[in-house]
Colleague: 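Take this structure first; my questions come after.
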Amino acid sequence: MAGGAAADGSGGGARGGTRPRGGDRPSGTVTRGTTHRNRLRRMDRWIVAEHGAVLRRSPRPPLAVDLGYGAAPWTAVELARRLRAARPDVRLLGLEIDPGRVAAALPFAGEGLTFGRGGFEVPIGEAGDPDERPLLIRAANVLRQYPEEEVPAAWRLMCGRLAPDGLLVEGTCDEIGRRHAWVALGPEGPRTLTLATRLADLGTPGDLAERLPKALIHRNVPGEPVHAWLRDLDRAWAAAAPFGALGARQRWLRTVRSVAADWPVRGGHARHRQGEVTVDWSAVAPR
Ligand SMILES: C[S@@+](CC[C@H](N)C(=O)[O-])C[C@H]1O[C@@H](n2cnc3c(N)ncnc32)[C@H](O)[C@@H]1O
């Protein structure tokens, strides 16, 4: 599809805009399909912890979407498995804009796990009633390959498809999922930014800057709130160095406690000890 495909690993991003282009053409553009098994485990775990209660109280089997699952459907299969720990009858729809990747995923379809072609407009297709709204849309390592100016329109399209208590999780990670950053959005727009890392490998929190979602990656410059956020995390991490004698986890917990004095930090001890820190979007949104 889309002649502007950048599926060659060259670093080329998406081109062609996020607006639906008429007919049944999905909104967006084919990009590199790189993926890995278990890459998104940190994001999956956070979703289950933060959104599990909403999934559990859904009066019908909830619908979740893994948008842009890539060249192989591992992340969709794994998300379905992890969500089922919270809600066993969850239905997972893997959506890909690349028809070849949809065909490659079809052998993995099964009870409550379907695959289809679609873009940011999030068509439901055979997964259920076309008017049904998903309780979850996860788009990992998708928008990272688009121009920054296309992010708001893509967010609007996906948020516009959510159920009233639905959640969109859009973010980025490294190849093996040790460093993550994602934005959580409700139907009304962005709510929080989460950084998540394997603490044993962490040099300093600022190392996560290279994984910031597209909406923020170009904003890590002096004068922008996300720059101040990472700077304060780095300062707190340096000040917490003595706690490193007790392990990286203790140092991280001390760091999060310290920044929480000045920043609207969310999530409790159970999340922080996983190497996560979540902050209100309003505190880090681009100026
Ligand atoms: C780098 S892969 C990410 C795979 C997986 N989510 C992960 O994180 O490992 C990005 C995938 O997103 C797909 N994609 C890009 N834009 C899309 C859109 N608008 N709708 C659906 N899929 C899209 C691409 O075709 C590509 O396969």
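Note that ligands are numbered from 1 as they come in the structure, with each ligand's atoms numbered from 1 the same way. In this chain, residues are counted from 1 in sequence order. Just so you know, these numbers come straight off a predicted model, no measurement behind them.
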Colleague: Between Arg179 and Asp201 (salt bridge meaning N to carboxylate O under 4.0 Å), is one present in this structure?
Modeller: no
Colleague: Measuring only between side-chain heavy atoms, which start at C-beta, is Leu208 closer than 4.5 Å to Thr197?
Modeller: yes
Colleague: Any non-hydrogen side-chain atom of Trp182 less than 4.5 Å from a side-chain atom of Thr192?
Modeller: no
Colleague: At what distance is the nearest protein heavy atom to atom 13 (C) of ligand 1, and which residue and atom is it?
Modeller: Glu96 OE2, 3.2 Å
Colleague: Of all the non-hydrogen atoms in the protein, which one sits nearest to atom 23 (C) of ligand 1, and at what distance?
Modeller: Ile97 CG2, 3.5 Å
Colleague: Determine whether the side chain, the backbone, both or neither of Asn141 has a heavy atom under 4.0 Å from any heavy atom of ligand 1.
Modeller: both
Colleague: For ligand 1, indicate whether the residue Trp74 contacts it via side chain, backbone, both or neither (heavy-atom separation under 4.0 Å).
Modeller: neither
Colleague: In terms of atom number and element, which parts of ligand 1 are under 4.0 angstrom from non-hydrogen atoms of Thr29?
Modeller: 15 (C), 16 (N)
Colleague: Does the pair Val226 and Leu212 meet the rule for a side-chain contact (heavy atoms from CB on, under 4.5 Å), with working shown?
Modeller: CA-CA 9 Å; Val226 73; Leu212 285 172; 4.2 Å; yes
Colleague: Between Arg32 and ligand 1, which part of the residue brings a heavy atom under 4.0 Å of the ligand: side chain, backbone, both or neither?
Modeller: backbone
Colleague: Taking 4.0 angstrom as the limit and counting only heavy atoms of Ala140, give me the atoms of ligand 1 inside it, by number and element.
Modeller: 3 (C), 5 (C), 6 (N), 7 (C), 8 (O)
Colleague: Just checking Trp74 against Phe108, ring centres under 6.0 Å apart?
Modeller: yes
Colleague: Give the numbers and elements of all ligand 1 atoms closer than 4.0 Å to a heavy atom of Leu40.
Modeller: 8 (O)
Colleague: What about Val142: any of its N or O atoms under 3.5 Å from an N or O on ligand 1?
Modeller: no
Colleague: Starting from atom 20 (N) of ligand 1, what is the nearest protein heavy atom, named by residue and atom, and what distance separates them?
Modeller: Gly119 CA, 3.1 Å
Colleague: Gln145 heavy atoms, cut-off 4.0 Å: which ligand 1 atoms fall inside?
Modeller: 1 (C), 10 (C)
Colleague: In the protein, which heavy atom is nearest to atom 7 (C) of ligand 1, and how far is it?
Modeller: Arg39 NH1, 3.3 Å
Colleague: Which of the atoms in ligand 1, numbered in the order shown and given with their element, are less than 4.0 Å from a heavy-atom of Leu67?
Modeller: 20 (N), 21 (C)
Colleague: Taking side chain as C-beta onward, heavy atoms only, is Trp229 less than 4.5 Å from Val279?
Modeller: yes
Colleague: Whether Asp280 and Arg266 form a salt bridge (side-chain N of Lys/Arg under 4.0 Å from carboxylate O of Asp/Glu) is what I want to check.
Modeller: yes
Colleague: Would you say the side-chain atoms of Asp207 pair up with the backbone N or O of Thr204, donor to acceptor, closer than 3.5 Å?
Modeller: yes
Colleague: Test your reading of the structure: does Arg101 have an N or O sitting under 3.5 Å from an N or O of ligand 1?
Modeller: yes
Colleague: Specify the closest pair of heavy atoms between Arg42 and Arg178, including all atoms of both residues, with the distance to one decimal.
Modeller: NE-O, 3.9 Å
Colleague: May I ask you to list the atoms of ligand 1 that are less than 4.0 angstrom from any heavy atom of Gly70?
Modeller: 4 (C), 27 (O)
Colleague: Tell me, which protein residue and heavy-atom name are nearest atom 12 (O) of ligand 1, and how many Å apart are they?
Modeller: Gly68 CA, 3.4 Å
Colleague: Run the numbers on His180 and Leu40 for side-chain contact (heavy atoms from CB on, under 4.5 Å), then give the verdict.
Modeller: CA-CA 8 Å; His180 268 281; Leu40 300 179; 3.6 Å; yes
Colleague: Between Ser27 and ligand 1, find which residue part has any heavy-atom pair under 4.0 Å and reply side chain, backbone, both or neither.
Modeller: backbone
Colleague: Counting from 1, what ligand 1 atoms have a heavy atom of Phe120 closer than 4.0 Å?
Modeller: 19 (N)
Colleague: Kindly identify the option in Gly118, Gly171, Gly28 whose heavy atom sits closest to atom 21 (C) of ligand 1.
Modeller: Gly118
Colleague: Would Thr35 count as a polar contact of ligand 1, with the cut-off being nitrogen or oxygen pairs under 3.5 Å?
Modeller: yes
Colleague: Pick out which of Asn38, Asp66, Asp44 makes a side-chain hydrogen bond (donor to acceptor under 3.5 Å, both in side chains) with Thr75.
Modeller: Asp66
Colleague: Among protein heavy atoms, which sits nearest to atom 17 (C) of ligand 1, and what does the distance come to when rounded to 0.1 Å?
Modeller: Tyr146 OH, 3.5 Å
Colleague: Taking 4.0 angstrom as the limit, do Lys214 and Glu170 come out as a salt bridge?
Modeller: no
Colleague: Which of the numbered atoms in ligand 1 are below 4.0 angstrom from a heavy atom of Gly33?
Modeller: 2 (S), 26 (C), 27 (O)
Colleague: What I'd like to find out is whether the side chain of Arg271 reaches to under 4.5 Å of the side chain of Glu50, using heavy atoms alone.
Modeller: yes
Colleague: Does the side chain of Ile97 come within less than 4.5 Å of Val102's, by heavy atoms?
Modeller: no
Colleague: Give the residue, atom name and distance (to 0.1 Å) of the protein heavy atom nearest atom 24 (C) of ligand 1.
Modeller: Thr31 OG1, 3.2 Å
